[in-house]
Amino acid sequence: MTLSEDTRPASTLPYTQPVLKATGLVKTYGRVVGLDGVDLELYQGEVLAVIGDNGAGKSTLIKCLTGAEIPDEGQLHLQGSPVHFKRPQDAKLYGIETVYQGLAVSPALDIASNLYLGRELRKPGILGSVFRMMDTKTMRSNSKQELDRLGISTLQDVTVAIENLSGGQRQAVAVARAAAFGSKVVVLDEPTAALGVRESNQVLELIRRLRDQGIPVILVSHNMPHVFDVADRIHIQRLGKRAAVITPQSHTMTEAVAIMTGAATA
Amino acid sequence: MTTNTSQSSTPAAAGPEGGGVDLATEFLDRSTPLSRIRNLLHRYPALSPGIVLVVAVIVFGVISPRFFLANNLSLITQQVAVVGTLAIAQTLVILTAGIDLSVGAIMVLSSMVIAQTASQNHVPAALALVLGLLVGLAAGALNGVLVTRLKLPPFIVTLGTLNIFLALTLLYSNSASVIGQNIPALITSTGATFNVGGIGITYGVVAMLVLYIVMAFIMGKTAWGRHVYAVGDDKESARLAGIRVNRVLLSVYVAAGAILAIGAWIQIGRADAASPNAGNDLNLDSITAVVIGGTSLFGGRGTIWGSLLGALIVGVFRNGLALAGLDVLYQTLAVGVLIIVAVSLDQWIRKVRK
């Protein structure tokens with residue numbers, strides 16, 4: 001049932017150890033079983049898509065991985081060492097960054113402020129320590145570099161307020177914030193749900209670029225074409241369990257949907 | 001602002017492959033003269049009140065030759081000192097998308113504590129001021145706790161505490177004022193004047209200006225200031241970015257309380273007395289100053305300096321209309337119109353957000 005060993009992308013073979021590994025995750029809400037012993041492995045430099053019907057436990061799984069929920073049972077390992085997240089901040093501290101559904105950026109703040117929101121840099125010396133002055137200049141130039149590195153070249157002016165950007169540009173900023181400054185894992189929850197065709201393509205391109213730079217990405221999406229377009233492996237969630245792990249090469253979209261709905265097994 | 005628009009941004013040419021993450025600067029290209037004005041006002045929220053103030057000063061100066069007399073200008077600054085100070089506290093709260101109806105009541109409670117402990121309990125003047133500060137901090141903390149812990153809307157919380165603080169003030173003071181003669185000189189010193197180019201400036205006005213400089217620095221240059229904007233802009237986004245929203249909100253109300261206590265000190269000097277009824281109009285006047293100053297009631301947008309401009313606009317209108325010989329009622333009418341215009345302008349400016 002677990003095909004992850006076989007289907008691991010060739011490029012990641014030197015990394016025998018998953019970056020993020022979940023084993024036997026169980027989460028119940030009263031008598032409702034959200035997760036019923038789920039395993040998940042995420043390897044360096046891959047895009048792992050998580051798909052599943054409504055109620056299959058997709059979002060519960062993601063919440064357990066990012067600290068938004070505490071699993072009842074099961075273990076999380078980050079780069080081989082066990083980790084326990086009690087709140088999203090804990091996951092963040094370990095370098096697991098999440099982009100939540102619905103564009104979680106501050107509209108009135110500019111791009112650089114958003115990238116550094118909650119982790120502002122202070123000026124060196126007494127200006128920073130006593131007067132608590134932010135180092136706006138460094139934050140702006142770093143933001144610019146970070147956007148260039150991620151290939152978001154058209155966001156030239158990092159002092160533009162988010163509200164002046166299009167939906168795709170906003171999502172790009174949200175993704176950039178998650179991917180910036182040395183994060184180990186980026187989790188994207190339905191990043192293209194609110195976007196048009198062209199803007200979705202921009203975001204998918206950005207996801208590929210993240211992967212090419214070695215940042216593993218977990219992509220939760222309902223959109224099969226997007227998933228098959230960008231994912232290296234696809235984790236199919238069904239009835240609180242991992243039904244299969246497939247690749248876009250090993251299975252067709254129709255087969256994936258069949259597994260998702262229980263019409264077929266992998 | 002539009003330096004990076006050289007690249008072509010024809011939507012059709014930019015397919016999925018065409019430029020990868022093709023985040024064209026389409027917004028910046030779309031500029032009619034009107035939208036350019038709107039974007040400018042959007043970017044600099046203090047710009048429109050600044051223009052209004054300059055125009056008002058010129059118009060009233062032309063109408064009445066007495067407007068520019070040193071005495072009159074001095075009077076305007078003094079009239080603005082207290083409401084201008086309260087407007088700083090109000091700006092902080094409104095930037096978080098809240099509203100504080102109790103600023104005047106907190107200020108008065110604090111001023112009565114300062115005046116009474118100093119005059120009747122013979123507490124040293126400096127200590128009396130510290131007691132006043134503590135009252136301000138405690139009152140602000142109460143508002144903050146009710147807003148963050150009980151999750152009540154700030155409007156309701158401060159409507160309640162407004163009445164509570166008012167009643168406490170009347171109970172504590174037996175509804176009696178304390179006159180200036182009975183108050184130590186240190187406390188009334190905020191009413192003393194010195195001369196700048198023939199215009200008498202009170203130390204209270206200086207205190208207000210120093211507060212503006214300090215708070216403008218904090219809001220513009222520190223992470224805390226930025227977090228206040230972020231919380232007011234979009235609470236959920238701020239939370240997801242790792243900002244402790246409740247802690248920021250609580251600190252805003254406590255900071256407001258401290259500023260109001262300083263306002264109490266300025267008020268005692270200005271009136272040369274402490275009166276339990278001094279704050280009745282100030283609750284709403286401070287909101288007026290903030291709104292006219294370009295700060296959005298929806299939070300996240302506005303500047304500290306805008307509120308000083310707003311307070312000055314109200315002061316200049318009241319003064320100018322009085323000098324022009326119009327009845328007091330017309331001052332009230334004018335302020336009402338100003339509020340409506342300011343809020344309409346804010347709505348129009350906010351449409352930049354699509």
Side-chain angles (χ1 to χ4, degrees), chain A residues 88-89 92-93 98-100 102-109 113-114 116-123 127-128 131-134 136 147 150-157 159-170 172-175 177 197-206 208-209, chain B residues 1-7 9 11-12 14-28 30 39 42-43 45 95 214 217-218 220-227 229-245 296 298-302 350-354:
Chain A
Q89 254 67 40
K92 249 185 208 292
L93 282 175
T98 314
V99 177
Y100 299 92
L103 303 170
V105 279
S106 272
L109 297 181
S113 305
N114 262 288
Y116 272 99
L117 193 57
R119 53 181 168 203
E120 287 83 359
L121 301 179
R122 284 208 213 119
K123 285 201 174 183
L127 284 177
F131 293 101
R132 310 249 144 190
M133 263 181 100
M134 292 184 292
T136 311
L147 291 176
L150 295 169
I152 314 175
S153 50
T154 44
L155 285 181
Q156 289 285 334
D157 185 356
T159 63
V160 172
I162 295 291
E163 61 204 346
N164 295 335
L165 304 177
S166 68
Q169 288 174 318
R170 291 182 201 198
V173 172
V175 173
R177 180 166 75 188
V197 176
R198 187 165 141 249
E199 302 194 314
S200 295
N201 283 326
Q202 294 167 355
V203 171
L204 294 179
E205 180 61 34
L206 185 50
R208 274 187 214 107
R209 211 158 291 171
Chain B
M1 191 162 152
T2 53
T3 49
N4 57 337
T5 56
S6 50
Q7 71 198 92
S9 65
E17 270 99 347
V21 185
D22 165 54
L23 307 173
T25 45
E26 57 240 280
F27 149 76
L28 292 169
R30 234 193 292 124
N39 290 332
H42 189 257
R43 209 168 167 132
L95 278 176
V214 170
F217 173 86
I218 290 176
K221 302 288 180 197
T222 71
W224 183 80
R226 183 160 292 171
H227 294 174
Y229 278 96
V231 166
D233 193 17
D234 192 325
K235 225 186 230 181
E236 190 58 17
S237 297
R239 194 182 66 78
L240 292 173
I243 293 172
R244 298 183 193 193
V245 171
S296 170
F298 300 99
R301 183 185 321 282
R350 284 169 58 89
K351 279 195 195 138
V352 171
R353 212 184 261 205
K354 34 196 146 157

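In what follows, chains carry the letters A, B, and so on, assigned in the order in which the sequence lines appear, proteins first and then strands, with residues in each chain numbered from 1. Note that these values count all heavy atoms, side chains included, but never hydrogens, waters or copies made by symmetry. The structure displayed is predicted, hence computed values, not measured ones.
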Novice: Within a reach of under 6.0 Å around CZ of B:R244, are more than 12 heavy atoms found that belong to other residues, nucleotides or ligands?
Specialist: no
Novice: Tell me whether A:R177 contacts the main-chain N or O of A:N114 through its side chain, where contact means a donor paired with an acceptor under 3.5 Å.
Specialist: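 Such a contact is found between A:R177 side chain and A:N114 backbone.
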Novice: To the nearest 0.5 Å, what is the distance between CG (B:D233) and NE2 (B:H227)?
Specialist: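 Spacing of CG (B:D233) from NE2 (B:H227) equals 13.0 Å.
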Novice: Mind checking side chain to side chain donor-acceptor pair (under 3.5 Å) for A:R132 and listing every partner two or more places apart, or none if nothing turns up?
Specialist: none
Novice: Of the listed residues (B:A230, B:G220, B:A238, B:G232), which shares the most heavy-atom pairs with chain A below a 4.5 Å separation?
Specialist: B:A230
Novice: For the candidates B:A241, B:G300, B:G242, which exhibits the highest count of non-hydrogen atom pairs separated by less than 4.5 Å from chain A?
Specialist: B:A241
Novice: Among A:L117, A:T159, A:T136, which residue forms the greatest number of heavy-atom pairs with chain B at distances under 4.5 Å?
Specialist: A:L117
Novice: At a 4.5 Å cut-off on heavy atoms, which part of A:T98 comes close to chain B: side chain, backbone, both, or neither?
Specialist: neither
